[in-house]
S.K.: 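Sharing a structure, written as structure tokens. Questions coming.
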Amino acid sequence: MANTTQISQTDSEDLLHSLPKEKGWIGLPLYQYQGSWCHAKGIEAALSLQNHFHACDSDVILVTTPKSGTTWLKALAFAILYRHKYTFSQNPLLTDNPHDLVPFFEFKLYANNQLPNLSDLPSPRLFATHIPYSWLPESINNSKCKIVYLCRNPRDTLVSYWHFTNKARPEALGPLSLENGLDLFCKGITGFGPFWDHALGYWNKNLERPQKVLFLKYEDLKKDIKYQLKRLAEFMGCPFTMEEEKNGVIDEISRLCSFQRLSSLEVNKSGKSIDYFENRTLFRKGEVGDWMNYLTSPMVEQLDEVMEEKLSGSGLTF
Ligand code: A3P
């Protein structure tokens, strides 16, 4: 993004009119801006973020594509980073949805032309976003702040995205078929997609600047949460001590943030944190490999072919 001043309403409308547009998954149009697909409000918020956000060296920014485990990552990072502030029995994660505790830049802080006052937030500040690497404000790049990226295998991401968007789709439109969803996904038309460009943007930065960008995979978190939590804590600059490890702090954090625990909390069964969906829609199955129950062999072939082509030579595999 090249803009350095606040974009006006007219500028924003002119910009949107000039961009390629597609119908999207939930009836809201997606626009292709600088190679990535996004709804209008997301682009406006990203521009505002670009113009107004000043990163601090101690900031931690969590990044994901939608449906790759954002809620989980927010909970884990919050529990780790602020573990000396809250006891496990009185942790805010028990009463607040992770999206309320770790705000999105584009859906919350910079949404609807708001300019948040972030200067009073206690350090280290924890933020989240779905926006692609190339859209991040300069100050995130230039400061010593840390970026944690969580990726999920594209088959499960697609299935999760499809379920989720069908819940958010207006009834009048009827459900989107999985075949249509797959076609859109393979064309790269998903919120903040293409999926592969999003992942590669952060993957390549992780290779170039591993101390700046940590690249995690949902499947690895599922396989060995303890090891991955140690990596995460160390990367965020607050490694677990031997004492903490011996006292079961890592196990407590993993239990507190588990799918079972979070999804059973009242706030996550009945609350609403982000405008257009209810918290319970954020918790479906939370498993690896659920794609097997939905994708046929030809569908898997179609998706794998695109992924192999797009990720070829990058070293990123699923
Ligand atoms: P499924 O639809 O496959 O169940 P996001 O948070 O980015 O919207 O991702 C949502 C996906 O993460 C959903 O996947 C959801 O069930 C899963 N999820 C939510 N909380 C989780 C947790 N604590 N542990 C593991 N997976 C979780």
Side-chain angles (χ1 to χ4, degrees), residues 25-26 42 61-80 91-94 96-108 126-132 148-168 176 178 181 185 190-193 195 198-199 202 216-226 228-229 232 250-265 267-269 271-295 303 318:
W25 293 61
I26 61 169
I61 323 270
L62 310 177
V63 190
T64 51
T65 56
K67 312 325 289 175
S68 51
T70 320
T71 316
W72 193 16
L73 179 64
K74 284 187 178 190
L76 291 169
F78 181 92
I80 293 174
N91 200 287
L93 284 162
L94 297 170
D96 295 88
N97 179 268
H99 294 287
D100 285 326
L101 299 172
V102 185
F104 273 119
F105 284 136
E106 63 276 17
F107 295 119
K108 207 159 235 172
L126 189 54
F127 301 110
T129 186
H130 285 322
I131 71 173
V148 178
Y149 189 77
L150 176 66
C151 198
R152 189 181 192 187
N153 84 65
R155 297 174 184 178
D156 280 332
T157 307
L158 162 66
V159 168
S160 182
Y161 196 77
W162 173 69
H163 275 287
F164 182 76
T165 48
N166 264 333
K167 280 179 206 142
L176 182 82
L178 185 53
F185 198 93
T190 53
F192 308 90
F195 173 90
H198 200 279
Y202 290 93
L216 298 173
K217 288 183 178 165
Y218 183 97
E219 295 71 28
D220 293 340
L221 286 175
K222 278 276 177 187
K223 210 189 303 169
D224 191 349
I225 185 81
K226 213 165 165 176
Q228 297 300 332
L229 292 194
L232 179 56
I250 310 179
D251 298 315
E252 284 270 17
I253 289 176
S254 120
R255 259 196 305 275
L256 172 67
C257 303
S258 68
F259 180 88
Q260 287 69 18
R261 185 81 183 105
L262 289 185
S263 61
S264 68
L265 297 170
V267 64
N268 295 326
K269 288 197 286 190
K272 201 171 183 184
S273 298
I274 297 175
D275 272 0
Y276 52 93
F277 57 82
E278 290 170 12
N279 291 345
R280 67 189 161 80
T281 61
L282 297 164
F283 304 91
R284 193 181 61 91
K285 281 193 179 170
E287 287 169 7
V288 174
D290 189 41
W291 61 267
M292 287 181 226
N293 299 314
Y294 294 92
L295 302 179
L303 180 58
F318 292 99

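Whatever order the structure lists ligands and atoms in, that order sets their numbers, starting from 1.
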S.K.: Looking at residues at least two apart in the chain, or sitting in another chain, which of them share a side chain to side chain contact (heavy atoms under 4.5 Å, CB included) with Glu219?
M.R.: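 Glu219 satisfies side chain to side chain contact (heavy atoms under 4.5 Å, CB included) with Arg152, Asn153, Lys217, Val288 only.
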S.K.: Can you tell me how far the CG atom of Leu282 sits from the OG1 atom of Thr71, to the nearest 0.5 Å?
M.R.: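 The OG1 atom of Thr71 is 4.5 Å from CG of Leu282, to the nearest 0.5 Å.
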S.K.: For the ring pair Trp162 and Phe185, is the centre-to-centre distance below 6.0 Å?
M.R.: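 No, the ring of Trp162 stays outside the 6.0 Å limit from the ring of Phe185, centre to centre.
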S.K.: Within the protein, flag every N or O under 3.5 Å from an N or O of ligand 1, and note the pair and distance.
M.R.:
unit_1: ligand 1; atom_1: 2 (O); unit_2: Ser160; atom_2: OG; d: 2.6
unit_1: ligand 1; atom_1: 2 (O); unit_2: Arg284; atom_2: NE; d: 2.7
unit_1: ligand 1; atom_1: 2 (O); unit_2: Arg284; atom_2: NH2; d: 3.4
unit_1: ligand 1; atom_1: 3 (O); unit_2: Arg152; atom_2: NH1; d: 3.3
unit_1: ligand 1; atom_1: 3 (O); unit_2: Arg152; atom_2: NH2; d: 2.9
unit_1: ligand 1; atom_1: 3 (O); unit_2: Arg284; atom_2: NH2; d: 3.2
unit_1: ligand 1; atom_1: 4 (O); unit_2: Lys285; atom_2: N; d: 2.6
unit_1: ligand 1; atom_1: 4 (O); unit_2: Gly286; atom_2: N; d: 2.7
unit_1: ligand 1; atom_1: 6 (O); unit_2: Thr70; atom_2: N; d: 3.2
unit_1: ligand 1; atom_1: 6 (O); unit_2: Thr71; atom_2: N; d: 2.8
unit_1: ligand 1; atom_1: 6 (O); unit_2: Thr71; atom_2: OG1; d: 2.6
unit_1: ligand 1; atom_1: 7 (O); unit_2: Lys67; atom_2: N; d: 3.1
unit_1: ligand 1; atom_1: 7 (O); unit_2: Ser68; atom_2: N; d: 3.2
unit_1: ligand 1; atom_1: 7 (O); unit_2: Gly69; atom_2: N; d: 3.1
unit_1: ligand 1; atom_1: 7 (O); unit_2: Thr70; atom_2: N; d: 2.8
unit_1: ligand 1; atom_1: 7 (O); unit_2: Thr70; atom_2: OG1; d: 2.5
unit_1: ligand 1; atom_1: 8 (O); unit_2: Lys67; atom_2: NZ; d: 2.7
unit_1: ligand 1; atom_1: 9 (O); unit_2: Gly69; atom_2: N; d: 3.3
unit_1: ligand 1; atom_1: 14 (O); unit_2: Arg152; atom_2: NH1; d: 3.2
unit_1: ligand 1; atom_1: 14 (O); unit_2: Ser160; atom_2: OG; d: 3.4
unit_1: ligand 1; atom_1: 16 (O); unit_2: Arg284; atom_2: N; d: 2.9
unit_1: ligand 1; atom_1: 16 (O); unit_2: Gly286; atom_2: N; d: 3.3
unit_1: ligand 1; atom_1: 23 (N); unit_2: Cys257; atom_2: O; d: 2.9
unit_1: ligand 1; atom_1: 23 (N); unit_2: Phe259; atom_2: N; d: 3.3
unit_1: ligand 1; atom_1: 26 (N); unit_2: Tyr218; atom_2: OH; d: 2.7

S.K.: How would you list, by chain and number, every residue that makes a side chain to side chain donor-acceptor pair (under 3.5 Å) with Lys74, sequence neighbours excluded?
M.R.: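 Once residues adjacent in sequence are excluded, the partners of Lys74 under the side chain to side chain donor-acceptor pair (under 3.5 Å) criterion are His99.
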S.K.: To the nearest 0.5 Å, how far apart are CG in Asp156 and NZ in Lys222?
M.R.: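 If I round to the nearest 0.5 Å, the distance is 10.5 Å.
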S.K.: May I have all residue pairs that pass side chain to side chain donor-acceptor pair (under 3.5 Å) and include part of residues 253-265, sequence neighbours excluded?
M.R.: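 For residues 253-265, and leaving out neighbouring residues, there are no side chain to side chain donor-acceptor pair (under 3.5 Å) pairs at all.
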